[in-house]
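We're numbering straight along the sequence, starting at 1. Just so you know, ligand 1 is whichever comes first in the structure, and atom 1 is the first atom listed for that ligand.
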Amino acid sequence: MSQEHRPNQKLMDEIIAGLTQEQPSISPKFFYDEIGSHLFEAITFLEEYYPTRTEKQIMMQYGEAIALTIGKSDVLLDLGAGNCEKGSALFNSLKPKEYRALDISKEFLEQAISGLQKEFPQIQMQAQTCDLQEELAFPDLVDRKKTFFYPGSSIGNFDPDAALRLFKNIVKVCEGDGGLLIGVDLVKNHEVLSRAYNDALGITAAFNKNMLLHLNRLAKTDFNLAYWEHYAIFNEQLYRIEMYLRSTHNQVVAWPGGEKHFDSGDLIHTENSYKYTQEKFESLLKSAGFKDVYSWTDPNHYFLVAYATA
Ligand code: AVI
């Protein structure tokens, strides 16, 4: 039986607790079932969604300078590694002795690693399950120089307090050596931001709505996708894109042992995607305890790649 078909009481409780709040909200981690992961990959190819290709351009243009700044590292720890494509692109320049791929699901990582291991037999590779909301600890890597890698502006999906907690945790685990290489999306023209989350093809809408299918399987809810629509706006006060699912009808959603009424127009919050100015992001890294911060950006100043030393 796959993990998905085994009822997981903890996840069910988390989902129902989120749905029954006054402002219903579901964690963005529930986007990423198999279809959701493919839809996210499709998003990264959209003309409107500039972050992925802009980060790649920065990494290609400044790859050498970035590698020189980082210097030698024993272990490359890839946070939210997914298919390991971005992490493995650093192997030739950083030459790590060991690669540790971390993500919520180990199954997916192991597949990616087994292919990579043949190409890079000299690098010791390991997949590890990891929830970045929880405390990170690597007792087997004490005294080894660690480079953490967190690309794609995934940090934007944490609120700034949670981002600060994660950064402090990384500083602690680095034990005064190594650091963090991270990509983050910058504040920009609101039209550009809004278009990136409201693409004409409707892939982001499908990505958002697919979460309901995932919830139907995980929590046995009976969401009818025909009664929900994608809604994404830029919150100018909080510098974040907010994504919601909006009810298009008066309706009742039921699950074993409960139900909730939604009026037409009611919202379920599904994601925040924070955008930073370069100054704010660098000062967030410094306030977490990183010593020096080196930054690289693109000519439009759309995206930032930073290396912070622990
Ligand atoms: C994964 N994360 C950085 C994406 C973002 O831009 O916040 C997720 C996403 N949501 C809608 N489009 C992309």
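- Judged by the 6.0 Å and 45° rule, K188 forms a cation-pi pair with Y302.
- Residue F31 does not touch ligand 1, judged by heavy-atom distances below 4.0 Å.
- Residue contact check: Y32 has heavy atoms under 4.0 Å from atoms 1 (C), 8 (C) of ligand 1.
- Contacts between Y274 and ligand 1 below 4.0 angstrom, taking non-hydrogen atoms only, are absent altogether.
- No hydrogens or angles considered: nothing links the side chains of D266 and S247 as a donor-acceptor pair under 3.5 Å.
- Contacts between N157 and ligand 1, counted as non-hydrogen atom pairs separated by less than 4.0 Å, involve the side chain only.
- With hydrophobic clusters built from ILVMFWY side chains whose heavy atoms lie under 4.5 angstrom apart, I233 does not share a cluster with I26.
- Ranking the protein heavy atoms by distance from atom 8 (C) of ligand 1 puts E271 OE2, 3.4 Å first.
- In terms of polar-atom proximity, defined here as any N/O pair under 3.5 Å, Y49 does make such a contact with ligand 1.
- Under the 4.0 Å criterion applied to side-chain N and carboxylate O atoms, E135 and K172 are assigned as salt-bridge partners.
- Where the criterion is an N or O separation shorter than 3.5 Å, residue side chain and backbone included, Y197 meets it with respect to ligand 1.
- In summary, the atoms of ligand 1 found under 4.0 Å from a heavy atom of F207, numbered by their order in the structure, are 10 (N), 11 (C).
- Salt-bridge check for E134 with R165: failed, with every basic side-chain N at 4.0 Å or more from each acidic carboxylate O.
- The S273 neighbourhood of ligand 1 comprises atoms 5 (C), 6 (O), 7 (O), with distances under 4.0 Å to a heavy atom of that residue.
- Judged by distance alone, the side chains of N272 and E242 never bring a donor and an acceptor atom under 3.5 Å apart.
- The distance from ligand 1 to the heavy atoms of S153 drops below 4.0 Å at these ligand atoms: 3 (C).
- Numbered from 1 in the order shown, with element, the atoms of ligand 1 that lie under 4.0 Å from a heavy atom of G152 read 3 (C).
- A salt bridge links D140 to R100: at least one charged side-chain nitrogen sits closer than 4.0 Å to a carboxylate oxygen.
- Aromatic pair F91/Y99: centroids less than 6.0 angstrom apart.
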